[in-house]
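What follows is one structure encoded as structure tokens, with my remarks underneath.
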Amino acid sequence: MTVLTMAKALNDGLRAAMERDPKVLVMGEDVGKLGGVFRVTDGLQKDFGEQRVLDTPLAESGIIGTAVGLAIRGFRPVCEIQFDGFVFPGFDQIVSQLAKLHFRSQGKVRMPVVVRIPFGGGIGAVEHHSESPESLFAHVAGLKVVACSNPADAYWMIQQAIDCDDPVIFFEPKRRYWEKAEVDLDAAPPPLFASRVARAGSTLTLAGYGPVLRTCLEAATAAEADGHDIEVIDLRALSPLDLGPVIESVRRTGRLVVVSEAPSEASVTAEVAARVQEQCFHSLEAPVIRVTGFDTPYPPSKCEEDYLPDLDRVLDAVDRSLAW
């Protein structure tokens, strides 16, 4: 076992993928000499050279458009979007080109492109630096969307995303970059597009992904003091959603609380709630409850603690579900 921060786990995963395949390239704003604003790409340009780790202009549309061309020529580009709110100038290239070329070419062209996006709040940043836009990408046919929540998943999932022949939008919870955990570098990782049970339980099912997974685990620990045995599921893949473990769990517990930093309307949590109620209707002892960010622009940093789902809000949802 090796103890790594999530940022270092991502760095080691990128390094492993680049060592295996000379066609893997890393590109983005300040990813080379600086090593990225979160130092996720630290040292990669020094070790692999400027031809494989490219500092780009401040032009997200150009970054994604260039990656599309590189993928057509057989490369596997890994694009870094410096902050979540910066992705929107590149949104057209992602949705209109990256997501469509395999279908448009009747399967002749593959798009093995990874778009890394640090997402979520909790770092005291200014506007456009704390967004949760994952639902926008999950709605787009042709894209795969995943979110890691811990260093072990970060290490393995980035490598699996790079190996995938389809475009993958890879969300990284930026406020968890510096948290440490053990990573087994020799273990067989779970499939990329699969959810996992992070903590077994029998009283209630608590599902989340990315930055809120830790909050869910903390809520399960706190509820244990009141005699509640909560099962926690890390969704990991947002498109395609792997709801098998969630449905199996809800059929045992009869209750589900879904947590996300993103706004609630037309969201991943809404999709989870709808599909679970369709498939587990006769097993449910309470309606599915969601704990999310609010349907507003992300607030100034002084107010973000009131916006983000925290331990108290999750435990309140647990209490409401158990009260039915």
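Note that CZ of R116 and CD1 of I169 are 12.5 Å apart. Values are rounded to the nearest 0.5 Å. Put simply, CG on D21 and CD on Q159 are 12.0 Å apart, with the number rounded to the nearest 0.5 Å. Distance check: C148 SG to D153 CG gives 7.0 Å after rounding to the nearest 0.5 Å. Taken from CG in D92 to CG in L98, the straight-line distance is 11.5 Å, to the nearest 0.5 Å. Atom CZ of residue F38 and atom CG of residue N11 lie 15.0 Å apart, to the nearest 0.5 angstrom. I64 contributes atom CD1, which lies 8.5 Å from atom CD of E60 (distance to the nearest 0.5 angstrom).
With salt bridges taken as basic N to acidic carboxylate O contacts below 4.0 Å, one links R252 and E248. A salt bridge is defined here as a Lys NZ or Arg NE, NH1 or NH2 lying under 4.0 Å from an Asp or Glu carboxylate O, and E224 with R199 meets this definition. Look at E285 and R255 and you find no salt bridge, because none of the NZ, NE, NH1 or NH2 atoms lies under 4.0 Å from a carboxylate O.
Looking at R176, its side chain never comes within 3.5 Å of a backbone N or O of V212 through a donor-acceptor pair. Listed for the E131 side chain is no donor-acceptor partner under 3.5 Å among the backbone atoms of D84. A donor-acceptor pair under 3.5 Å is absent between the side-chain atoms of S96 and the main chain of Q93, judged by distance alone. Side chain of T203 to main chain of H228: no donor-acceptor pair is present (N/O by atom type, distance under 3.5 Å, no hydrogens or angles). Checked by atom type and distance alone, the side chain of T66 pairs as donor or acceptor with a backbone atom of G62 at under 3.5 Å. Distance alone, capped at 3.5 Å, is enough to place a donor-acceptor pair between the D55 side chain and the G32 backbone. Within the 3.5 Å criterion, the main-chain N or O of G201 finds a donor-acceptor partner in the side chain of E231. Between the K144 side chain and the P240 main chain, no donor and acceptor come within less than 3.5 Å of each other. The backbone N or O of G35 lies less than 3.5 Å from a partner atom in the side chain of T41, making a donor-acceptor pair. Between the Q160 side chain and the P190 main chain, a donor and an acceptor come within less than 3.5 Å of each other.
Using a 4.5 Å heavy-atom threshold, the side chains of N150 and D234 count as touching. Using a 4.5 Å heavy-atom threshold, the side chains of F91 and P133 count as separate. For the pair R275/V246, no side-chain contact is recorded, criterion being any heavy-atom separation below 4.5 Å from C-beta on. Between E182 and L4, the closest side-chain pair of non-hydrogen atoms is not below 4.5 Å. Under the 4.5 Å side-chain criterion, counting only non-hydrogen atoms from C-beta, V78 is not in contact with F170. Counting heavy atoms from C-beta outward, L70 and M27 have side chains that approach closer than 4.5 Å. Side-chain contact check for V87 versus F137: some heavy-atom pair is nearer than 4.5 Å. F294 has its side chain out of reach of P263: every pair of non-hydrogen atoms, C-beta onward, lies at least 4.5 Å apart.
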Test side-chain hydrogen bond (donor to acceptor under 3.5 Å, both in side chains) applied to S264 and D295, step by step: CA-CA 7 Å; S264 63; D295 294 320; 3.3 Å; yes

Derivation of the side chain to side chain contact (heavy atoms under 4.5 Å, CB included) call for L243 and E271: CA-CA 10 Å; L243 289 184; E271 178 69 14; 5.8 Å; no

Trace of the side chain to side chain contact (heavy atoms under 4.5 Å, CB included) decision for V31 with V40: CA-CA 8 Å; V31 299; V40 170; over 6 Å; no

Stepwise side chain to side chain contact (heavy atoms under 4.5 Å, CB included) test for Q45 and K33: CA-CA 7 Å; Q45 189 180 78; K33 289 181 173 61; 3.4 Å; yes

From CA spacing to verdict: side chain to side chain contact (heavy atoms under 4.5 Å, CB included), R196, S149: CA-CA 11 Å; R196 68 176 182 92; S149 67; 4.3 Å; yes

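Closest of all the heavy-atom pairs between V26 and M18 is CG2-SD, 3.8 Å. R15 and L44 get closest at one heavy-atom pair: NH2-CD2, 3.7 Å. The minimum heavy-atom distance linking A125 with S130 is given by the pair CB-OG, 3.9 Å. In terms of heavy atoms, S260 sits closest to P309 at O-CG, 3.3 Å. For P57 against I63, the heavy-atom pair with the smallest separation is O-CD1, 4.2 Å. Nearest approach of S239 to L143, heavy atoms of both residues: OG-O, 3.9 Å.
Under the 4.5 Å side-chain heavy-atom criterion for Ile, Leu, Val, Met, Phe, Trp and Tyr, L217 and L256 are members of distinct hydrophobic clusters. V291 and L315 end up in different hydrophobic clusters when Ile, Leu, Val, Met, Phe, Trp and Tyr side chains are linked at under 4.5 Å. Residue V183 is not grouped with residue I162 when hydrophobic side chains (ILVMFWY) are merged at heavy-atom distances under 4.5 angstrom, including chains of intermediate members. A chain of hydrophobic side-chain contacts below 4.5 Å, direct or via other Ile, Leu, Val, Met, Phe, Trp or Tyr residues, connects M111 to V146. Put simply, Y307 and V268 are part of two different groups of oily side chains (I, L, V, M, F, W, Y) that touch within less than 4.5 Å, one to the next.
Crowding of E265 atom CD: a count of heavy atoms from other residues, nucleotides or ligands under 6.0 Å not exceeding 12. The environment of E50 atom CD is sparse: at most 12 non-hydrogen atoms of other residues, nucleotides or ligands sit within 6.0 angstrom. Counting heavy atoms of neighbouring residues, nucleotides and ligands inside a 6.0 Å radius, atom CH2 of W324 does not exceed 12 of them. More than 12 heavy atoms of other residues, nucleotides or ligands sit less than 6.0 Å from atom CD of Q279.
Here the rule is side chain to side chain contact (heavy atoms under 4.5 Å, CB included) with T205, and of V258, V250, V257 only V250 fits it. Considering E261, E134, R236 in turn, E134 is the only one that fulfils the side chain to side chain donor-acceptor pair (under 3.5 Å) rule with Y209.
You'll find the ring centres of Y298 and H128 outside the 6.0 Å limit.
Ring-plane geometry between F86 and H129 is classed as perpendicular, the angle between the planes exceeding 60 degrees on a 0 to 90 degree scale with a lower cut at 30.
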